Asker: 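One structure follows; several queries about it will come next.
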Amino acid sequence: MKVVNSPAMRVATWAIPVLTVAIFTLDSFTPVGVAVSVLYIIPLLLTFLSSRERDPLYFSAVATGLIWVDVLLKPAGLSIPYAAVNRLLGTVVIWGGALALVHYKRTRRQLMSERVERAHAEALMEAAQEARAYADTALLGASAGRREAEEKFLISQLRLEGVIQSAMDAIITVDQDQNIVLFNHAAEQMFGWSAQDAIGQSLDRFIPARFRAAHHHHMAEFGRSGATSRRMGTLGHVVGLRATGEEFPVEAAISQVGVEGKKYFTVILRDITERKKAEEALRESEERYRRLIEVSPDAILVNRGDRIVFVNDQGLKLFGAVKAEEILGRSPLDLFHPDYHQAIRERVHLLREGAKTVPLIEEKIVRLDGTVLDVEVAAASFVDQDGVGIQVMIRDITERKHLQAQLRKAERLAELGTLASGMAHEIGTPMNVILGRAEYLLQRVREEPIKKGLQTIVNQVERITKVMNQLLAFARRRPLERRPLDLRQTIRDNLEMFQERLARNRVKVETSFASSCPLICGDPDQMSQVIINLVMNAVHAMPEGGTLSIALAPAGNEMVALSVRDTGHGIPPDVKDKIFDPFFTTKEFGKGTGLGLTVVKGIVEEHGGAIRVDSEPGKGTTFTIHLPAYATDP
């Protein structure tokens with residue numbers, strides 16, 4: 001098998017173990033849900049550069065051991081069945097790639113061997129043609145000395161006979177009537193006929209019946225053409241017929257010569273049965289390798305000359321393309337976010353300068369519809385018959401990033417719960433003492449300045465108590481007390497408490513309750529807390545007055561939809577995604593804790609529902625809550 005170059009082999013020698021150790025280490029610190037083991041396909045592909053045929057199998061054995069050893073290094077509590085399926089997928093991909101590479105190497109080696117034999121046969125044919133031409137010259141020079149010419153002719157015949165009989169390819173000479181006059185040893189072995197039985201027979205005996213008419217036409221055309229020879233491979237598809245009746249593919253070269261007014265045609269035939277099998281096997285190997293790439297869970301691109309020349313199906317899905325033409329021919333930079341273009345150029349430069357791989361990094365891609373996704377990118381250079389290329393493997397980690405963000409948020413909330421509990425314990429008692437003393441003194445003093453100061457203390461302590469209660473409601477919500485609940489009555493009861501404040505703030509209330517709206521299964525106190533928080537938010541959003549609209553109606557899939565809409569100042573787009581975050585508020589200092597909507601979202605989700613916000617600056621905001629309807633027994 002052809003070795004690409006010695007520097008490439010030397011780089012592969014150290015790159016393969018370095019990559020293997022790096023992937024093993026990464027897998028050890030990666031959650032079981034991430035199929036890092038598939039990355040072993042990268043160092044496996046580098047074994048293609050090795051001159052040893054079975055190196056991919058040796059590497060696959062090592063990689064398989066590392067894949068399963070890593071399971072033992074994972075923390076206790078992971079899902080063993082899921083881990084096993086994950087590892088099994090990685091093992092199948094690695095061994096599938098290894099078998100494909102071994103088959104590919106073996107097939108290429110066979111083809112190289114046949115090319116050498118072909119070159120040898122063509123050289124023999126040229127020698128034979130030279131000898132025959134020399135013999136013809138000797139015959140034509142008989143007038144210069146018949147005896148000398150006969151001696152030279154005899155020598156040339158002996159030389160030609162030796163060349164013909166030692167040739168590895170079958171050599172057959174026929175006269176202009178297609179009768180055989182020469183049948184060498186290789187022809188005997190190829191067709192299963194002895195020279196004694198073949199000479200004098202028609203060449204048709206060695207050609208399947210369905211090809212004989214075309215053969216006669218071709219020979220006649222060649223005889224009239226005046227060409228002296230046609231090389232191997234120029235005669236198209238040729239089929240031979242053995243003595244056993246077996247048909248087999250052959251490659252042929254033909255030449256013609258005139259002797260004493262007669263034409264003789266010499267055909268050199270090469271049995272290419274094994275080559276055809278090898279070519280079919282090579283195509284099958286390439287097809288298996290292509291399928292292996294296609295079923296990869298990662299997007300795979302191949303870059304040559306700053307242009308994408310291959311993309312697998314997963315790549316089309318990742319970039320939102322329908323057909324490959326939407327991706328092929330484009331620069332890789334077109335598919336990545338501009339913030340990463342310089343880093344990509346540097347990585348490409350390293351690969352083109354001889355580096356086989358570059359470190360795995362996180363980047364962002366831009367889908368064809370403009371959507372930006374977080375991805376993990378690995379790249380490796382390779383060399384094949386088309387030259388140097390770069391293979392890029394891209395994995396969508398948007399969901400992983402989302403889960404990581406949720407985990408960080410959950411950790412923050414857990415810390416907040418611990419903090420709130422501690423604060424309630426440490427601050428609650430002294431606050432009650434301060435409040436009690438301030439209220440006691442407030443009832444006994446008569447001086448207005450002192451009374452005003454004491455009232456300020458009472459107000460601020462009550463504010464601190466309110467904040468602490470909200471913290472506790474958020475961090476340590478009591479268990480739900482579910483029962484059939486008519487939200488219409490809950491809304492009416494809570495609006496009645498706000499009548500004076502709504503009138504003072506010039507807020508008009510409009511309600512729309514569907515008569516067919518079903519009950520929900522909920523906690524009355526917590527649903528009241530949801531209504532109160534949403535109404536308070538709406539009032540704060542309309543400092544100059546406005547309209548508060550509350551609607552209740554059945555929704556699809558046995559759900560109930562509650563909407564609370566105001567005509568206030570709205571929420572800017574850059575703020576909308578943060579409004580449910582703990583302690584996030586747009587209100588002035590001292591007028592809000594930033595926990596109201598966080599508590600609302602938590603209550604809704606605990607009830608098995610969902611909350612959505614739609615807002616446009618200057619036109620108001622609408623909160624829409626979907627809650628499961630109460631399921632009555634049949």
Side-chain angles (χ1 to χ4, degrees), residues 107 110-129 132 160 163-195 197-258 263-284:
T107 304
Q110 293 173 350
L111 291 178
M112 289 294 293
S113 176
E114 290 193 2
R115 291 192 186 101
V116 172
E117 292 181 3
R118 182 191 302 179
H120 177 64
E122 291 175 352
L124 289 175
M125 180 178 176
E126 291 176 0
Q129 290 173 348
R132 186 176 291 276
L160 177 60
V163 170
I164 290 174
Q165 293 303 328
S166 65
M168 297 178 65
D169 292 326
I171 300 177
I172 303 175
T173 299
V174 299
D175 59 20
Q176 58 192 13
D177 295 325
Q178 301 293 298
N179 294 321
I180 297 172
V181 298
L182 174 66
F183 201 79
N184 75 339
H185 180 65
E188 292 179 323
Q189 292 181 322
M190 180 181 293
F191 289 96
W193 286 78
S194 67
D197 294 334
I199 291 176
Q201 299 293 326
S202 172
L203 187 62
D204 286 351
R205 175 167 292 186
F206 305 100
I207 301 172
R210 65 184 184 280
F211 295 112
R212 290 170 185 170
H215 166 72
H216 284 291
H217 174 74
H218 174 74
M219 294 293 284
E221 289 295 322
F222 179 65
R224 287 192 294 268
S225 69
T228 58
S229 66
R230 291 185 180 174
R231 298 176 64 83
M232 286 281 188
T234 62
L235 302 183
H237 183 67
V238 181
V239 179
L241 181 65
R242 305 190 201 275
T244 60
E246 176 191 357
E247 296 184 5
F248 62 100
V250 296
E251 191 174 60
I254 186 171
S255 64
Q256 63 176 316
V257 65
K263 286 187 176 181
Y264 293 88
F265 300 91
T266 299
V267 182
I268 298 179
L269 301 172
R270 180 175 300 149
D271 187 345
I272 58 173
T273 303
E274 292 303 318
R275 188 208 302 173
K276 286 291 186 182
K277 290 181 180 178
E279 289 175 351
E280 291 165 2
L282 178 60
R283 283 193 291 270
E284 291 176 1

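Note that the coordinates shown come from a computational prediction; the quantities given were computed from them, not determined experimentally.
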Asker: Would a 4.5 Å heavy-atom cut-off, applied to side chains only, mark P249 and V239 as touching?
Answerer: no
Asker: Under a 3.5 Å distance rule, please check whether E251 uses its side chain to pair with a backbone N or O of R270 as donor and acceptor.
Answerer: no
Asker: Measuring from atom OG1 of T273 to atom CD of E246, what distance do you get when rounded to the nearest 0.5 angstrom?
Answerer: 7.0 Å
Asker: Checking side chain to side chain contact (heavy atoms under 4.5 Å, CB included) for the pair F248/M190: CA distance, chi angles, key distance, verdict?
Answerer: CA-CA 10 Å; F248 62 100; M190 180 181 293; 3.6 Å; yes
Asker: Between N179 and V174, is any pair of side-chain heavy atoms under 4.5 Å apart?
Answerer: no
Asker: Going from CD on Q256 to OH on Y264, what distance comes out if it is rounded to the nearest 0.5 angstrom?
Answerer: 13.5 Å
Asker: Check P208 against E247 and note the closest heavy-atom contact, atom names and distance.
Answerer: CB-OE2, 3.6 Å
Asker: Given side chain to side chain contact (heavy atoms under 4.5 Å, CB included), test R212 with Q178 step by step and report yes or no.
Answerer: CA-CA 11 Å; R212 290 170 185 170; Q178 301 293 298; over 6 Å; no
Asker: Give, for atom NE2 of H185 and atom CD1 of I171, the distance between the pair rounded to the nearest 0.5 Å.
Answerer: 12.5 Å
Asker: Find the distance between OG1 (T173) and CG (L203) and round it off to the nearest 0.5 Å.
Answerer: 10.5 Å
Asker: Evaluate the ring planes of F265 and F222, with Trp represented by its six-membered ring, and classify them as parallel (under 30°), tilted (30 to 60°) or perpendicular (over 60°).
Answerer: tilted
Asker: Do we see a donor-acceptor contact under 3.5 Å between the side chains of D204 and H216?
Answerer: yes
Asker: Using side chain to side chain contact (heavy atoms under 4.5 Å, CB included), reason through R205 and D197 one step at a time and then give a plain yes or no.
Answerer: CA-CA 11 Å; R205 175 167 292 186; D197 294 334; over 6 Å; no
Asker: So which heavy atom on A170 is nearest to which on A187, and how close?
Answerer: CB-CA, 3.5 Å
Asker: Write down the atom of W193, the atom of A243, and the distance for their closest heavy-atom approach.
Answerer: NE1-CB, 3.2 Å
Asker: Does a side-chain heavy-atom distance below 4.5 Å link L269 with I172?
Answerer: yes
Asker: Check the angle between the aromatic planes of F206 and F191 and answer parallel, tilted or perpendicular using the 30° and 60° thresholds.
Answerer: perpendicular
